[in-house]
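Let me begin by presenting the structure, written as structure tokens, before commenting on it.
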Amino acid sequence: MADPFLGVVFENLISLLQNEFSTISGIKSKAENLSTTLVDIKAVLEDAEKRQVKDNFIKVWLQDLKDAVYVLDDILDECSIKSSRLRKFTSLKFRHKIGNRLKEITGRLDRIAERKNKFSLHTGVTLRESPDQAAEGRQTSSTPLETKVLGRDDDKEKIVQFLLTLAKDSDFISVYPVVGLGGIGKTTLVQLIYNDVRVSRNFDKKIWVCVSETFSVKRILCSIIESITREKCADFDLDVMERKVQGLLQGKIYLLILDDVWNQNEQLEFGLTQDRWDHLKSVLSCGSKGSSILVSTRDEDVATIMGTWETHRLSGLSDSDCWLLFKQHAFRRYKEHTKFVEIGKEIVKKCNGLPLAAKALGGLMSSRNEEKEWLDIKDSELWALPQENSILPALRLSYFYLTPTLKQCFSFCAIFPKDREILKEELIRLWMANEFISSMGNLDVEDVGKMVWKELYQKSFFQDSKMDEYFGDISFKMHDLVHDLAQSVTGKECMYLENANMTNLTKNTHHISFNSENLLSFDEGAFKKVESLRTLFDLENYIPKKHDHFPLNSSLRVLSTSSLQGPVWSLIHLRYLELCSLDIKKLPNSIYNLQKLEILKIKYCRELSCLPKRLVCLQNLRHIVIEGCGSLFRMFPNIGKLTCLRTLSVYIVSLEKGNSLTELHDLNLGGKLSIKGLNNVGSLSEAEAANLKGKKDLHELCLSWISQQESIIRSEQLLEELQPHSNLKCLDINCYDGLSLPSWIIILSNLISLKLGDCNKIVRLPLFGKLPSLKKLRVYGMNNLKYLDDDESEDGMEVRAFPSLEVLELHGLPNIEGLLKVERGEMFPCLSSLDIWKCPKLGLPCLPSLKDLGVDGRNNELLRSISTFRGLTQLTLNSGEGITSLPEEMFKNLTSLQSLFVTFLPQLESLPEQNWEGLQSLRALLIWGCRGLRCLPEGIRHLTSLELLSIIDCPTLKERCKEGTGEDWDKIAHIPRIELIDAFLLSSFEGLPLTQGWGPQIKGLTGTNVPNDEDGMVRVGAQCTIESLMIRSQPMHIVRNEALCLSFLLTKGSTVMLGMLPTKDRKSADMLWNAAESQPCLCWTMLIDQVVSTASPESKRCHLFLFEIWILLNATNSDPCQKDSGSSLEIGYSLAELHDLKLGGKLSITCLENVGSLSEAREANLQDKKELQEICFSWNIRCKAKTPATSTEEVLEVLQSHSNLKILKIHGYDGLHLPCWIQIQSTLAVLTLSYCRNCVWLPSLAKLPSLRKLQLWYMDNVQYVNDEESSDGVEVRGFPSLEDLLLVNALPSEAFNLALEHLGIHHCCELDSLPEQLFEGLLYDPFEPWRLLSVKD
């Protein structure tokens, strides 16, 4: 990996030598000496890279070299920066400083160069083993190693059927590629097919050739001859061999296996090429009809070159098959023991479906018969095992044959935590900033990055690639074993920083990522070890967080932060700067120091009003990304001079000089561009000069005018000139005051998403129905619009209107009458989701594909037409003042309806009485905010499939539905789950969203300081599966719908609580997890229900490190106290559901009185969840009459947490003693005990070394906080770190030795006295004493 980086540094050194600066500053001779040393080292690098795998001394030498080169690069980069300001920096002081640094690094590199002589490294092209020798150790044969292979029956059957049917009927030779990760079982699968009886009967000849790294036509032909004749092939000329093979295959139906084919690259010059394959294929095209070739490879390029049929991509084994495979190898020497089964299944999960890893780990365990040995392996990282080379040989080999650039780009990915979805664009920019990639010829550096990414993806180093349907963003993941490989080859160089590994930083550490949400603090001492830190990247920087120490390093190239602690603007080497959630109004002029800056991201800085005026002086800027900065009103002038700029997410037109649209003319922009302030465009020529039509890489364009402001030129003329390139995928037009839209919109053949908002004067829209690719259309705030498409032409041709549209949202269109003026042909054939709000005159045509419908209650015609939509699965009836009843026929024909929401119809008195018996698919019914509703209809008795009934803020209905006593109870007694919920804190909200898509908005979050969207609104999508939304401390229950997946759009930066639903729909479960992972909110709280049991395996393995977790052990139907004392928990609400989850952040477990057994509590496995930072244990203090199934004290004893815990809260515990494990929590910083009214004894809290905050609430029977007496005469300082003590109706210890900063004592009526030393540490402010000391009653 040092090779490409050394090349970059070498080029920088040559550049310095050629620069006038080196002569003036007097460093030219030193630089020349360095150049000579680097040439000597570079000559042996290739051999050293190869031999380091087996020789640890060479590996250490390479790392020392790399560390030194990092330092040298810092020096050269500083010289480059200074040389751009030549006159200022020719002082003697600077020359002396830079000279000394070059002298020091030259000596260091000279010593490293001398050490290389010990290793007998070869110079130039290394004397590699011959290709045949390299491949010999990995030769494969047609004989399967196992008689029974697990988990490949479906794959085998599919390929066998292909050979017996499609291939058999093909007139040409069929080439079927099998592609998969190294070690996933490609060869084994092909062996199974090769030896299948049906296959043997179908082919006259079967031939097996292991190709490996060398794709030699001659060697393959020789192998074919030997396979058929069973004789050694003589070394004939190639022509003789070709004729020999053709003679053997002529007229035969043959099956040829080409196993383990590799593609040619810089490291593998003898691999497959198109020419070599064409040559071989021409020889083999002599067989009879039905002849076939199976190719196994890990490279998609091979499949592309060779395949004539669709590639078969081999996935990993299931956990159960992996376990069976593991067992076969692990228990060969002794019988399966139950004590090893549980541990073994945990070990198997590390294999992630790779048979190679399962077999290797099974073999490893076969010689271990002690439980501790098994536990040691379970808790070890796979790459750190001594048997590492036997576990990942295929992956290591794949890595070895990567080019140096690919190696460096791949290994850098160890900076990300496992299972993280990585954004392709973000990764490429990180590569750019660290100079891992550079431009090549006519290719921009971004294009080179895309090529590198594609090659790594095709070679299976990256997987699970997904593209955002509307915006085109690509995300992907790394297989856990591939991630292990990246970590093993990079060592400490690239780290994902956690509290647990903070002390692992070394001089070798150069790239760090972290999660500010979970990282308590940075260890200043640990960071002092780091010599040249290049990357400090906050993965979750949406929460501003202040650290006691923020580790800025002068060598940084990448900085992503939500904190401006330290001298950020003096980091002159920065290429990538991301600032998030900062409370700043403007950036300082010192940003001009960052001359090398290429990527500037500013996100969710809500108060930022303008950018520095001379930002254009940063000539290296390539990407300027601004998101969520609603107060920004001014850019910087002359942006057109940034000739390297490729991304500009926001541009604000103003009347100031240098801020016109003309500035965009020469910029080759791509991605997203939002142009605001179009009222200020001065002329049509200025708009034409913007040259949007020439920007073919733009995928998303937003054009906005300022509402209520006069425009200089007519909006229609201006918009006509702003025509974008036809490649555009998303178009958003806001506050346009023209009467019509330009015709160029309907020729945007690639347009997927179109949004038109607050264009009040528009009367007629272009013929959007002709847009072939349009999938999502949102139209709102257009008072004069009558139809989406008013085309009345009748040319006799059958035309499909809106052929691809899937999602349609119509809001605030008071005069719209229909979707189409003339119904014609096939209309809206793909429309599945329709949301209508404040469209009182709208009528709908037949929409056969419609699944989700949201309508408000003010349109009676629309309500009456609902019965025609027979395919509906979700229906939302939302908002309607004055509506007292709904049409009786409304629910007719809705046999597929699964979810029904009736919300915010305050005057609604009754629901329809008819057609409930037809709703046989209905699973969830929500009635919310219908305060006038008097009773439930009789027909609800017929809802035999109904699983959930939620009644919220319907006081009369709630009383009638009370269990046993309510007048409507007998109508709903058959429903498994009933929720009766009172009104919530709605006073601070003007509207509440429950419709699909963008729906009504929540406004005016009074009493809070939650940042809203740029228009001042927090938006919530519909299809809401949200259990509760919490804005700071204000909870609001919204809806719980078990049948639906998540579709939640909330302002980034807000606090959210989400409901996870017990859905059996795998796709829905995966969507819910993925949405939760990707939504960068202030805090995610997942209410885990049965989804833990029913989600897909991929979902269950989701690493919840970023989320706050609440576990509802008892999702009550009404009051939990009303349950029978002997009742058990419902399925899916057990503590055991936590066993397999990798939890992090916060975990809150409530209703612990429902724990059924101690074994269930043990299954929670909290002691192994080392990434948990905060845990709250809670018993329901209102359920005094209930007899718990297990002892409270025993339950809490078993729920011992990992020693990494920082915050512990215990509420409602009714035991006499707290467990002793609390006093050994050495990292515990905050402890809160509340309503533990039976407790008489506390553990030795005074011994907790890190405890900073202690709160005791209503601990009536505790006499001492610490009642332990010293017996050895040695005075021990109790509570050494305690700063904050709060006592509410509790008694403190008689002896504290504290340095408190805050003390609060409330309602401690029996407290006689306080020790004097208690007050010594208080930082008393005579003007505001209540800030430090609070004593009541």
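A quick note: this is a predicted structure, and the numbers were derived from the prediction, not measured. Note: hydrogens, waters and symmetry copies are ignored here, and every other heavy atom, side chains too, is used. Note that the numbering runs from 1 along the sequence shown for the chain.
- Side-chain N or O atoms of D473 include none that pairs as donor or acceptor with a backbone N or O of D468 at under 3.5 Å.
- Rounding to the nearest 0.5 Å gives a distance of 9.5 Å between CZ of R870 and SG of C846.
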Exercise. Step by step, would you call N859 with I836 a side-chain contact (heavy atoms from CB on, under 4.5 Å)?
Worked result: CA-CA 10 Å; N859 189 330; I836 302 168; 5.8 Å; no

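- Taking CG of L661 as the start and CD1 of I675 as the end, the distance is 5.5 Å to the nearest 0.5 Å.
- A distance-only check finds a donor-acceptor pair linking the side chain of N784 to the backbone of N760 [under 3.5 Å].
- Shown here are the salt bridge (charged side-chain N to carboxylate O under 4.0 Å, His left out) partners of R858, two or more places apart in sequence or in another chain: D856.
- At least one donor-acceptor pair under 3.5 Å links the side chain of N893 to the backbone N or O of S867.
- Of the listed residues (I762, L756, L678), just one forms a side chain to side chain contact (heavy atoms under 4.5 Å, CB included) with I733, and that residue is L756.
- Aromatic rings from F901 and W928 are positioned such that their centres are separated by 6.0 Å or more.
- For K729, the NZ atom counts as densely surrounded, since its 6.0 Å shell holds more than 12 non-hydrogen atoms of other residues, nucleotides or ligands.
- Checked by atom type and distance alone, the side chain of E809 never pairs as donor or acceptor with a backbone atom of R778 at under 3.5 Å.
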For this session: Start with the C-alpha gap between I745 and L765, add the side-chain angles, then the distance that decides, and say whether side-chain contact (heavy atoms from CB on, under 4.5 Å) holds.
Result: CA-CA 10 Å; I745 295 182; L765 296 176; over 6 Å; no

For this session: Dump the intermediate steps for side-chain contact (heavy atoms from CB on, under 4.5 Å) on L886 and L908, then the final yes or no.
Result: CA-CA 8 Å; L886 298 171; L908 185 67; 4.0 Å; yes

For this session: Show your working on salt bridge (Lys or Arg N to Asp or Glu O under 4.0 Å) between D789 and K821 and close with a plain yes or no.
Result: CA-CA 6 Å; D789 189 324; K821 189 171 185 178; over 6 Å; no

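- For the pair R606 and Y604, the cation-pi test (distance below 6.0 Å, angle within 45°) is failed.
- S833 pairs with exactly one of L808, L805, V807 by the side chain to side chain contact (heavy atoms under 4.5 Å, CB included) rule, that one being V807.
- L774 CG to C830 SG: the interatomic distance, rounded to the nearest 0.5 Å, is 11.5 Å.
- For the pair K841 and E817, the salt-bridge criterion is not met [side-chain N within less than 4.0 Å of a carboxylate O].
- The backbone N or O of P829 sits less than 3.5 Å from a side-chain atom of S849, completing a donor-acceptor pair.
- No more than 12 heavy-atom neighbours from other residues, nucleotides or ligands sit within 6.0 angstrom of CD on E688.
- Side-chain atoms of E888 and N915 include no donor-acceptor pair closer than 3.5 Å.
- With 3.5 Å as the limit, one finds a donor-acceptor pair spanning the side chains of N734 and D732.
- Here the shortest heavy-atom pairing between P724 and W744 reads CD-CZ3, 3.2 Å.
- If you check the side chains of S773 and N750, you find no donor sitting under 3.5 Å from an acceptor.
- A donor-acceptor pair under 3.5 Å is absent between the side-chain atoms of R864 and the main chain of P887, judged by distance alone.
- Considering only residues two or more places apart in sequence or on other chains, S715 meets the side chain to side chain contact (heavy atoms under 4.5 Å, CB included) condition with W705, S711, Y736, D737.
- Between the CD1 atom of I927 and the NZ atom of K958 there is a distance of 14.5 Å, given to the nearest 0.5 Å.
- S921 places a side-chain N or O within 3.5 Å of a backbone atom of T895 that can act as its donor or acceptor partner.
- Considering L820, L819, T868 in turn, L819 is the only one that fulfils the side chain to side chain contact (heavy atoms under 4.5 Å, CB included) rule with P845.
- For the 3.5 Å distance criterion, the side chains of D835 and H811 qualify, holding a donor opposite an acceptor.
- Nearest approach of L943 to L922, heavy atoms of both residues: CD1-CD2, 3.9 Å.
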Exercise. Should L698 and K672 be marked as a side-chain contact (heavy atoms from CB on, under 4.5 Å) after you check the CA-CA gap, both sets of side-chain angles, and the distance that decides it?
Worked result: CA-CA 6 Å; L698 270 184; K672 176 182 178 179; over 6 Å; no

